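Structure, as structure tokens:
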Amino acid sequence: MSNKNIFPKWSNVIPGFVAAGLGLIGISVIFVFWYWFSPKHLEVGYQPHQPIPYSHKLHAGELGMDCRYCHFTVEKATHASIPPTEVCMNCHTTIKTDSPHIKKLTESYETGKPIEWVKVHQLPDYAYFDHSRHVNSGIGCASCHGRVDKMEEVRQVEPLSMSWCLECHRNVEDFVRPKDKIAEMDYHSENQQVEGEFLKSLYKLAPREDCTTCHR
Amino acid sequence: MDTTNKMDVKRPELIQGNMSFEQLTDVVCKPVEDKAPKMWFILMAGFSSLICLLLAMIGYLVWDGVGVWGLNQPVGWGFAIVNFVFWVGIGHAGTLISAILFLFRQNWRTSINRFAEAMTIFAVICALIFPGIHVGRIWLAYYMFPIPNSMAMWPNFSSPLLWDVFAVSTYFTVSLLFWYVGLIPDLATLRDRSKTKVKRIVYGLFALGWRGANRHWQNYERAYLILAAIATPLVLSVHSIVSFDFAVSQLPGWHTTIFPPYFVAGAIFSGFAMVLTLLIIAREIFGMKNIVTIRHLENMNKFILATGTMVGYAYAMEFFIAWYSGNPYESFAFVNRAFGPYWWAYWIMVSCNVISPQFFWFKKLRTSIPVMFVISIFVNIGMWFERFVITVTSLHRDFLPSSWGYYSPTYVDVLTFVGSFGLFFTLFLLFLKYLPMIAIAEVKMILPEANPHHHGDEH
């Protein structure tokens, strides 16, 4: 009988290995896509070069300027404005006028041709986002943009993925802060849990999760 | 008291020609072991070029988007859904024949179950293509499955479209397993008879070391019974759930409670018609007339007659309820179906599905090969039109007359459908060439020699 066997005896274990292997491959493919192909890995850290090396670290950090001095529509509109050259010229008509970068600013000011800043944070067109709604509900810039006051060049630090949006919408109490502190970069609550719950009920926050909130 | 009639009318044997076990094996294995006939190669070339057509059309669709189809407002569901339901419906005969008839101990099923199951699997493969490609951006088709993703998004479990994904994939898996388990003893037969090393290894691989030992048969029979029991409710559930895709939405023409039984009857109807079409050709070409006899074909015709009449009843009942409910929108939808812009589709459907099977009331027509062949083709056509009528006529008259429209398919729609036939028949030809088209082991069990009373039942 033995020579009639087509396959050796050890081949009996192969089906088990094949099944286990296929299962493992399936799980790893899902894991790879879920983990590495998500905005968390593909978008966080995006830091394009700007035409003028304008530094938030210097202006917002060391000089201590308020975000809303430049991004002045942030409390009133969906988009936070990128300041026009005129805003810079409030100071730079006199400060560092000999620097080549400031010369560029002056040129833009005189010709009226705006500086072409490169956009850093970008949501897809099908997602609706409103700054004023968040900033006026006690959500600080730092919750979504990180410590901009420490960045020489702005970098994306949060994934801006849907699950990220939802994580806050589901647990606002972990993020909410007093409305007068929204532009404060180093704000830290001693007891976020208690204060968060308090502010949530004070501001009557109930962020929505239904699809049409963000996909309209 | 024993009421059975001892002088019962003697029915013809299921297997004709007084074959021995060995002859039977020879007959069934012949197409697999002989060199393929020229005709096989010609058909294969034809059908596989249709597959190329299918792939080209899908490629164009993916590249350009669903705009290449004829879909638009208000008809957002067209050929893709029609073809999906059509193919899934065809895929119903297999499991019915193999599972339900098995549980009811209908011995005549053994000659046709392998064939019908193969057809089921290939039809479901064709069906699965359409929902897969109609999503538009097909690389996002994984949204249909509960897989973790950066949207924190989970499939919508209250949507019948999701139930459909699970119903059809379960059905496919169980049918495939059922078919494969049934194949194992026959694969071992082919392995033992094969002359070349490659064949021996390939068939041997899939025969899973079957030696026909007593223990093997015991396990086999138990597995087969369990699978039959699992498959039986699926026959009813799959097409019920397919019908929910329509019935759960609130559209006149779709929103009716008769849909699940009506769809199941229609599915069995179309499935038997397709098995019949294929079987008539195959038994002719491969000389299986003694195994697949007129009695088998007649039994299938009876199924077609019964289910066709049920479908006709459902058509009538839809009209009755539309009138009886007093709902003007519902009535409009049905009157418009029969006499509106798509009247031609409606009447093709009625003549093929309701009128043509009625010929099977007559034994003469029921047992005539040409008649049943023609009717089976008509039923196939009619059942495709049924899905077309349900999908398109309910949509093309929207609630506001300003948004009424007329749907016509584009050439891409049509050629994709044609291409799916190429896939179906190519798979079928491969099956006929490489696997035994009749369940050898099971047919042997119903031969007179297999009956323990074989030599003594006359006394």
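Since the model is a prediction, treat every value here as computed from it, not as a measurement.
More than 12 heavy atoms of other residues, nucleotides or ligands sit less than 6.0 Å from atom NZ of B:K433. The number of heavy atoms from other shown groups lying within 6.0 Å of OH (A:Y203) is above 12. Heavy atoms of other residues, nucleotides or ligands lying less than 6.0 angstrom from NE2 of A:H79 number 12 at most. By the 6.0 Å contact criterion, NZ on A:K150 is open, its count of non-hydrogen atoms from other residues, nucleotides or ligands being 12 or less. Within 6.0 Å of atom NZ in A:K119, more than 12 heavy atoms from other residues, nucleotides or ligands are found, so the atom counts as buried in its surroundings. Atom OH of A:Y69 sits in a crowded spot, with more than 12 heavy atoms from other residues, nucleotides or ligands closer than 6.0 Å. With a 6.0 Å radius and a threshold of 12 heavy atoms from other residues, nucleotides or ligands, A:Q193 has its CD atom at or below the threshold. Counting non-hydrogen atoms of other residues, nucleotides and ligands closer than 6.0 Å to NZ of A:K40 gives a total of 12 or fewer.
Minimum heavy-atom separation, A:M162 to B:M151: CE-O, 3.3 Å.
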Requested in this report: Report the C-alpha distance between B:Y142 and A:I30 in whole Å, list the side-chain angles of each, state the deciding distance to 0.1 Å, and finish with yes or no for side chain to side chain contact (heavy atoms under 4.5 Å, CB included).
Outcome: CA-CA 10 Å; B:Y142 72 89; A:I30 291 175; over 6 Å; no
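Both the backbone and the side chain of B:I201 have a heavy atom closer than 4.5 Å to some heavy atom of chain A. Proximity to chain A is absent for every atom of B:L208, based on heavy atoms less than 4.5 angstrom apart.
No side-chain donor-acceptor contact under 3.5 Å links B:S150 to the backbone of A:S161.
Counting heavy-atom pairs closer than 4.5 Å to chain B, the top-ranked of the candidates A:F33, A:W34, A:F31 is A:W34.
Of all residues in residues 218-226 of chain B, none places a non-hydrogen atom less than 4.5 angstrom from a non-hydrogen atom of chain A. Below 4.5 Å, heavy atoms of chain A meet no heavy atom from residues 160-173 of chain B.
Considering OG of A:S38 and CG of B:N149, their distance stands at 10.0 Å, rounded to 0.5 Å.
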